[in-house]
Amino acid sequence: MKENINFFIKKLINKAFPEFSNKVTWTLITVGIGILALPAPTYLLFINLLIDFYNKKTNSNINLIEINNITPSSGIALTLIITGLIYHLIIKGFQIYSEMIKENNDKEIQKNKRTADISLYEKFIDLFPPTSFSVRLLKDQDFGNPYHENAVKDFDQLKYGWGHANQHFHDQEIEDKAKILYQEINKFNTFLAINTNYINQGPLISMLTDWDRAMDMEWEPQTEANVKKANEWGSEIHAIYCDFIDSTRKKLAI
């Protein structure tokens, strides 16, 4: 509460000087200064011109001021000037109060969005943690060698545990990175499923066919192409994954 009051006072002080768009304030101040600075007949003539202009424009019948009946008064001038400034501060006060309410609401909304994004990020990391066998597979695996079936389980866990209607980040940059990463992992997982097989019905998986293993390093051209593609693709996805984690932590300050 104290913060809001101090913020309100500071903004009001910064807005204390009247803006040219505030015609009422400037009219009152100008007339007040005119009364102080000009001889009585001069400012009364000016006021009569304004009254005459108003009468013609609105078909009104306001009487003009007789110069002989008016005694110059600095009190009237100061009253006009002070009234103009007070009017200005009151108008600005309402405007600043509305701005404060909007700013506070915006801050609260942003805070809630950040909290929701942090929770969603933690959910993503739970499904596909940096220490998982699948991340190690992306980073280190040479797909010319066999790997354990557990190394791809987190791919499936992410596939079925992510991408639901309620799993979208409020921050669009994070959302875009998460979407690309999710799509790339799913496509890579499908590629591995199509182009690999189990060795002797055990837990090890390989891209090499029985013929490739029998020929040692003289693999079929398609096998060589698949191994090369898997190695390069895995490294690319690992880089995307690291970038997603790094940029998300920076944006959410976690």
Side-chain angles (χ1 to χ4, degrees), residues 1-4 6-7 99-196 198 202-207 226-254:
M1 183 66 180
K2 188 177 179 181
E3 264 183 38
N4 288 337
N6 291 336
F7 179 66
E99 290 174 5
M100 283 179 56
I101 295 297
K102 184 178 182 302
E103 286 181 16
N104 287 337
N105 288 340
D106 290 343
K107 286 179 181 178
E108 188 65 25
I109 290 171
Q110 290 304 317
K111 180 181 177 182
N112 292 338
K113 286 182 176 180
R114 176 178 175 272
T115 301
D117 280 354
I118 290 174
S119 177
L120 198 56
Y121 168 74
E122 290 172 348
K123 172 66 176 175
F124 189 100
I125 293 302
D126 284 341
L127 292 171
F128 202 71
T131 55
S132 70
F133 288 124
S134 296
V135 174
R136 293 180 186 176
L137 182 81
L138 293 171
K139 180 183 178 183
D140 300 324
Q141 179 65 30
D142 178 356
F143 286 92
N145 298 319
Y147 54 90
H148 199 277
E149 62 181 0
N150 288 340
V152 295
K153 283 187 175 180
D154 287 326
F155 292 154
D156 292 327
Q157 180 171 274
L158 182 67
K159 178 179 181 180
Y160 297 109
W162 189 261
H164 303 300
N166 62 338
Q167 292 176 322
H168 294 282
F169 291 97
H170 292 287
D171 187 285
Q172 192 58 51
E173 182 181 344
I174 297 175
E175 172 64 19
D176 291 341
K177 288 179 182 292
K179 184 178 180 181
I180 291 172
L181 177 60
Y182 178 68
Q183 291 174 343
E184 288 298 304
I185 288 175
N186 284 338
K187 287 189 288 186
F188 184 69
N189 191 29
T190 301
F191 174 79
L192 293 182
I194 294 173
N195 295 285
T196 59
Y198 282 91
L204 295 180
I205 300 174
S206 176
M207 276 197 162
N226 288 343
V227 169
K228 181 180 179 183
K229 181 176 181 179
N231 287 338
E232 293 175 352
W233 200 356
S235 297
E236 290 173 4
I237 295 174
H238 183 262
I240 294 172
Y241 178 72
C242 292
D243 177 63
F244 167 72
I245 291 179
D246 183 57
S247 60
T248 300
R249 289 176 61 86
K250 285 180 180 177
K251 291 217 74 172
L252 299 179
I254 55 177

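Values below: every heavy atom of this structure, side chains too, minus hydrogens, waters and symmetry copies.
- Neither side chain, Asn226 nor Lys229, offers a donor N or O lying under 3.5 Å from an acceptor on the other.
- Proximity of a side-chain donor or acceptor of Thr196 to a complementary backbone N or O of Leu192 within less than 3.5 Å is detected.
- You'll find the side chain of Arg114 reaches within 4.5 Å of the side chain of Ile254, heavy atoms only.
- The residues Asp246 and Lys250 are annotated as salt-bridged, a charged nitrogen and a carboxylate oxygen being separated by less than 4.0 angstrom.
- Rounding to the nearest 0.5 Å gives a distance of 9.5 Å between SG of Cys242 and CG of Leu138.
- Rounding to the nearest 0.5 angstrom, the gap separating the CG atom in Asn189 from the CD1 atom in Ile194 is 10.0 Å.
- Across all non-hydrogen atoms, the minimal contact from Gly234 to Phe188 is N-CE1, 3.9 Å.
- Using cut-offs of 30° and 60° on the angle between ring planes, the pair Phe169 and Trp162 is tilted.
- One distance of note links CG of Asp176 with CD1 of Ile174; it measures 10.0 Å at 0.5 Å rounding.
- Rounding to the nearest 0.5 Å gives a distance of 11.5 Å between CG of Asp126 and CG of Leu158.
- For the residue pair Asp154 and Ser132, the shortest heavy atom distance occurs at OD2-CB, 2.8 Å.
- Within the 4.5 Å cutoff, the side chain of Ile245 has heavy atoms near those of the Ile125 side chain.
- Side-chain contact between Asp171 and Lys113: absent, with no pair of heavy atoms (C-beta onward) separated by less than 4.5 Å.
- Side-chain atoms of His164 never come within 3.5 Å of backbone atoms of Asn166 as a donor-acceptor pair (strictly under, hydrogens ignored).
- Of the possible donor and acceptor atoms, none in the side chain of Gln110 sits under 3.5 Å from a partner among the backbone N and O of Asp106.
- A 6.0 Å sphere centred on CZ of Phe133 holds no more than 12 heavy atoms belonging to other residues, nucleotides or ligands.
- Considering every non-hydrogen atom in both Val152 and Tyr147, the closest pair reads CG1-CE1, 3.8 Å.
- One distance of note links CG of Leu252 with OG of Ser247; it measures 9.0 Å at 0.5 Å rounding.
- The shortest side-chain heavy-atom distance between Phe155 and Leu137 falls under the 4.5 Å cut-off.
- Between Phe124 and Phe244, the ring planes are tilted. Angles from 30° to 60° get that label.
- Taking the six-membered ring for Trp and thresholds of 30 and 60 degrees, His238 and Tyr241 have ring planes inclined between 30 and 60 degrees apart.
- The backbone N or O of Lys159 sits less than 3.5 Å from a side-chain atom of Tyr182, completing a donor-acceptor pair.
- Looking only at side-chain heavy atoms (C-beta outward), Asp142 and Asn231 come within less than 4.5 Å of each other.
- Ile237 CD1 to Glu232 CD: the interatomic distance, rounded to the nearest 0.5 Å, is 12.0 Å.
- Salt bridge Lys111/Glu108: absent, no basic N to carboxylate O contact under 4.0 Å.
- The shortest side-chain heavy-atom distance between Glu184 and Ile180 falls under the 4.5 Å cut-off.
- Smallest separation of non-hydrogen atoms from Pro146 and Gln141: O-NE2, 3.6 Å.
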Discussion item. Between Arg136 and Lys139, is the side-chain contact (heavy atoms from CB on, under 4.5 Å) condition met? List the steps.
Written reply: CA-CA 5 Å; Arg136 293 180 186 176; Lys139 180 183 178 183; 5.7 Å; no

